[in-house]
Amino acid sequence: MTFLDRLRGVKTLEPEEARRWMEDRSEGSYVLLDVRQPREYVEAGHLPGAVLIPLPELPDRLAELDPAAPVLAY
């Protein structure tokens, strides 16, 4: 599966929708993906349980994500 294939069916959620979406699921049943730069992840903080993969690295690091799990990226 290519990077572009993974982007098909992407849905945008407003912050409140994303919060409710996460509350309706058990921890570990989805991937919370932080695509900011490492400095932003550390200095601005991040959501608990977030996996950091900076956006420019994402195409080369897709194998690190569970293909069966929904991904919520921010």
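All residue numbers in this chain count up from 1 along the given sequence. Scope of the values below: all heavy atoms of this structure, side chains included, with no hydrogens, waters or symmetry mates.
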Write out all pairs satisfying salt bridge (Lys or Arg N to Asp or Glu O under 4.0 Å) with one or both partners inside residues 47-57, taking only residues at least two apart or from two chains.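 Matches after skipping sequence neighbours: Glu57-Arg61.
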Hey, could you give me each pair passing salt bridge (Lys or Arg N to Asp or Glu O under 4.0 Å) that has a residue in residues 40-50? Not counting sequence neighbours.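 Checked against salt bridge (Lys or Arg N to Asp or Glu O under 4.0 Å) - neighbours excluded - the pairs reaching residues 40-50 are Arg39-Glu43.
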How close do [X] and [Y] get, counting heavy atoms only, and between which atoms?
X	Y	result
Thr12	Glu17	O-OE1, 4.4 Å
Ala68	Asp66	N-OD1, 2.8 Å
Gly45	Arg36	O-NH2, 2.6 Å
Ala18	Leu13	CA-CD1, 3.9 Å

Applying ring-ring contact (aromatic ring centres under 6.0 Å, His included) as the test, list every pair that has at least one member in residues 52-74; sequence neighbours left out.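 Matches after skipping sequence neighbours: none remain.
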About how many Å separate CG of Leu58 and CG of Leu33, when rounded to the nearest 0.5 Å?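 Nearest 0.5 Å value for the CG-CG distance: 6.0 Å.
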Treating Ile, Leu, Val, Met, Phe, Trp and Tyr as nodes and any side-chain heavy-atom pair under 4.5 angstrom as an edge, say whether [X] and [Y] lie in one connected cluster.
X	Y	result
Trp21	Leu32	yes
Leu72	Val35	no
Leu62	Leu55	yes

What side chain to side chain donor-acceptor pair (under 3.5 Å) pairs are there with at least one residue in residues 23-33, not counting sequence neighbours?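 Qualifying pairs: Arg19-Glu23.
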Within the supplied structure, the quantity of interest is the number of heavy atoms (other residues, nucleotides, ligands) at a distance under 6.0 Å from Glu14 CD; does it exceed 12?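 It does not: Glu14 CD has 12 such atoms or fewer within range.
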Supply the members, apart from Val42, of the Ile/Leu/Val/Met/Phe/Trp/Tyr cluster built from side-chain contacts under 4.5 Å; use none for a lone residue.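 Direct or chained contacts put Val42 with Tyr41, Leu52.
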Residues that Pro48 engages under side chain to side chain contact (heavy atoms under 4.5 Å, CB included), provided they are two or more places apart: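 Here no residue qualifies.
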